[in-house]
Amino acid sequence: MRANLWQKSQRLWRMRQLQEPYRSLLGENDGVLVSIDCETSSLKVKEAEILSIAAVCIDGRRVCARDAFYTLVKPQQAPGHENVRIHGLRPIDFSEGLPLQEALRKFLEFIGGRTLVGYYLKYDVAVLNKYLKPMLGTVLPNYEVEISGRYYDWRFADYPGAYIDLRWDTIIDNLHVPHLPRHDAMNDAMTVAMMYLVLQSRGYGVS
Amino acid sequence: MAATRFDLSHPPFDLLTLPEASALSASADILFFGNDQEILATGSAVNSLYLVMKGLVREMVGEDVVGVYREHETFDCRALATGKTIHRFIAHEEALLCVFPREDVLALIEKNPAFGAYFFATVSDKFGQLAQRQDRREWQNLFTARIGDVGFRPPVFMEASATIADAARIMKEQRRRSIFVRDGERTGIFTTGDFRDIVANGVSNQTPLGDRSQFSLLSCEKDDYLFNALLLMTQRNIHHVVVTEGEIPVGMLAQADLLSFFSNHSLSIAQQLEMATSVDDLVRATQEMETLVSTLAVQGMKMPQLARLVQALNTQLAARLWQMVAPPDVFEGSALLALGSEGRGEQILKTDQDNALILAEGLNEEDVEQAARNFTEQMLRLGYPSCRGGIMVNQRLWRNTVRDWSWMLQDWARQSQGDALMNLAIFLDAETVSGSPSYLAACRDALHAGLRDDATWLSRMALPIEQFQNKRMEGGFWWQMLNRENNAQLDIKKAAIFPIVHGVRILALEADIRLNNTFDRLEALVSKGILEKTLANDLSESLAFLMRLRLEAGLESLREQKPVSNDIDPASLSTLDKDLLKDALLVTKRFKQMIHQRYHLDRF
């Protein structure tokens with residue numbers, strides 16, 4: 001899947017709107033992909049605050065887990081009890097978190113202009129853009145690869161016309177990717193990266 | 001958060017502390033290899049340790065598969081030390097691997113000696129580590145053994161209307177400490193302990209049994225855990241519980257039975273054999289032997305020792321039986337021999353009878369034949385199946401005078417191929433079970449005197465070591481596993497036990513070492529400078545390990561009431577066992593190559 005004309009011109013447009021240092025930072029693309037995942041306080045983009053950000057590089061057949069990026073973010077408001085249950089992140093866990101602006105800056109340094117990979121990536125990117133737009137003057141210019149879309153294409157080639165279940169656990173099982181022991185942004189980003197490696201070897205990567 | 005990023009709960013990572021595991025986990029990358037992609041090439045530099053998260057990896061030497069790694073398994077431990085792999089590793093099925101940097105693992109090895117031992121230990125050290133782990137199993141035993149595992153005898157019932165005097169007589173005759181008492185619908189028990197009260201209270205011995213019996217019984221199901229029975233006895237301060245199957249009482253479990261189950265009672269079996277007056281008595285004793293073997297095995301007794309204990313008991317059993325079935329003059333004028341694995345003292349479960357007789361001159365042929373036939377038949381009854389090769393005293397071929405044996409052995413040695421060769425090999429392991437050892441010594445002397453001391457002859461003797469070639473054996477076994485064949489089986493006797501035993505036998509023959517036991521022979525070969533100490537140790541440990549695998553599989557078959565075989569189902573092996581099996585097979589291979597070169601087997 002190569003970037004189509006629309007995606008290319010969109011990226012160009014956004015790049016032109018960027019100011020330094022972001023322009024050169026987000027202009028670099030070394031062919032490495034970055035799997036990202038955020039944990040947020042809500043599933044509605046408008047209400048959502050970022051609680052943690054994880055990113056891990058996919059370089060050829062390697063997931064660079066050792067050099068992954070992970071940070072907790074100090075929330076503006078204490079997260080509700082609901083989310084403590086979902087994420088297992090307690091208020092005390094955020095005391096070590098970075099202020100949002102700093103976390104985002106480090107995140108941008110990590111991803112550079114690399115293509116992003118994620119599961120329902122649109123949502124994560126939308127929440128990130130909500131906070132990045134004031135910083136950058138525009139939204140993230142990076143190309144995006146939706147892992148469930150790649151999975152759909154692969155599955156559809158085998159079962160044309162069939163209903164294709166895109167649930168997280170279904171994809172994990174069908175691609176024979178291990179269930180990692182815990183659920184956090186880091187492990188989810190890592191799981192997506194493994195899914196990508198499997199799909200890539202079957203001809204459904206970015207090529 | 002308690003869990004590490006990757007699952008490190010399997011050996012050897014289970015030896016790490018949580019902080020160590022977390023740190024190691026954080027240092028890992030993930031790699032993916034598609035089907036048949038090469039992970040490590042022969043001789044390539046290795047700067048990582050690989051843990052299989054998903055998929056299947058095969059280890060190759062040339063075109064031979066020498067190892068298979070499944071989920072949670074680790075490679076290449078050897079390369080960790082040297083930084084180079086001598087084998088090739090290939091993804092057999094799409095493999096996701098956790099990759100730990102070599103320097104991080106090396107740092108941990110230095111910090112955590114137990115973890116380090118796993119990697120750098122020689123094969124025999126690794127086996128030692130396994131033995132340590134098995135200590136834990138003694139405890140498990142208490143929690144996993146079931147009441148049915150304790151060999152209790154079928155119950156004796158009496159009517160409630162019988163008198164106490166009758167009960168005393170029956171209990172004495174049947175040597176029971178307790179009996180069941182039937183009173184219409186009710187069942188009660190009456191035990192020796194009750195006599196104390198009867199005597200103390202001056203109760204008449206003509207009192208009906210029912211009046212003095214206990215009818216409110218506590219019972220346990222036969223399938224229940226032994227531990228629950230122990231608990232019940234402790235809680236209620238009682239000495240007996242009724243064992244039921246469904247609702248029906250099938251036996252009585254006494255505290256003494258329970259305690260003896262957990263302790264070594266080989267002495268009492270030896271005593272029983274000594275005091276046996278009929279074949280029935282012997283049958284009972286052999287039943288207890290089986291219980292003893294499984295108890296001691298679970299308690300982690302080492303295989304060579306266990307095998308010798310069993311040999312001692314089997315020897316006693318066979319000697320007693322021979323005494324019972326043979327007329328006095330035949331018994332006095334004969335030596336009964338145990339052959340093959342029984343003679344070497346490496347047999348733990350009952351297998352085929354391999355035995356022979358050396359007779360004095362001038363015994364009545366018919367008396368001998370009848371006694372021998374009877375012996376073989378009764379051995380069958382005692383649970384020793386007949387030998388398929390007919391190596392039993394009821395066959396004329398295996399009953400001879402010293403003179404005839406000497407002639408025959410020399411003839412076998414001359415032929416040195418086919419059946420003659422195998423017969424000779426089996427006889428080389430003979431051990432006297434009953435009668436004068438001088439008979440066997442005389443036969444041995446005659447044999448050795450007649451042996452041709454030339455290399456060609458020894459080569460022919462050694463040749464059977466190659467008869468089960470590895471392509472079909474251990475190589476085939478790994479391939480079966482790779483194909484995830486459900487019934488992938490490894491015949492460990494053919495693949496490893498026989499090559500080790502036979503190779504050592506021939507080396508001992510060449511060096512004129514007159515010991516039977518493979519472990520003893522290995523020791524002697526080392527002290528004579530014929531074998532390297534490390535190889536001998538590895539062979540001993542491998543053989544002991546293979547014996548344990550075979551015993552465990554055999555006990556499992558017995559529990560399921562299936563015939564005992566030499567086949568091992570790899571699916572039932574733990575990671576560590578599989579690792580050790582791989583090592584044992586490699587040691588066997590190394591040894592076979594050594595024998596091959598020493599005796600120039602390529603000329604055949």
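Predicted model, so just to flag it, every value in this text is computed and none were measured. Just so it is clear: chains get the letters A, B, ... in the order the sequence lines come, proteins before strands, and each one is counted from 1.
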Discussion item. For A:Asp158 and A:Arg155: C-alpha separation, side-chain torsions, deciding distance, then whether salt bridge (charged side-chain N to carboxylate O under 4.0 Å, His left out) applies.
Written reply: CA-CA 5 Å; A:Asp158 279 352; A:Arg155 202 73 180 151; 5.6 Å; no
Worksheet item: What part of A:Val177 gets closer than 4.5 Å to chain B, counting heavy atoms only: side chain, backbone, both or neither?
Response: both
Item to complete: With a 4.5 Å cut-off on heavy-atom pairs, point out which of A:Met186, A:Arg62, A:His179 contacts chain B the most.
Response: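 Heavy-atom pair counts peak at A:Arg62.
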Worksheet item: If we ignore angles and hydrogens, is there a donor and acceptor under 3.5 Å between the side chains of A:Arg61 and B:Gln37?
Response: yes
Practice prompt. Indicate whether the side chain of A:Gln7 and that of A:Tyr143 have a donor and an acceptor atom separated by less than 3.5 Å.
Written response: no
Worksheet entry | Part of B:Leu96 within contact of chain A (heavy atom distance under 4.5 Å) | side chain
Item to complete: Heavy atoms only, distances under 4.5 angstrom: which of B:Gly34, B:Ser25, B:Pro101 has the most pairs with chain A? Name it, please.
Response: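 Going by pairs under 4.5 Å, I would pick B:Pro101.
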Worksheet item: In terms of heavy-atom pairs under 4.5 Å, which option from B:Ala26, B:Ser27, B:Cys98 contacts chain A the most?
Response: B:Ser27
Discussion item. Between A:Glu144 and A:Lys122, does any side-chain N to carboxylate O distance fall below 4.0 Å?
Written reply: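 A salt bridge links A:Glu144 with A:Lys122.
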Worksheet item: Do NZ/NE/NH1/NH2 and the carboxylate oxygens of B:Glu94 and A:Arg202 come within less than 4.0 Å?
Response: yes
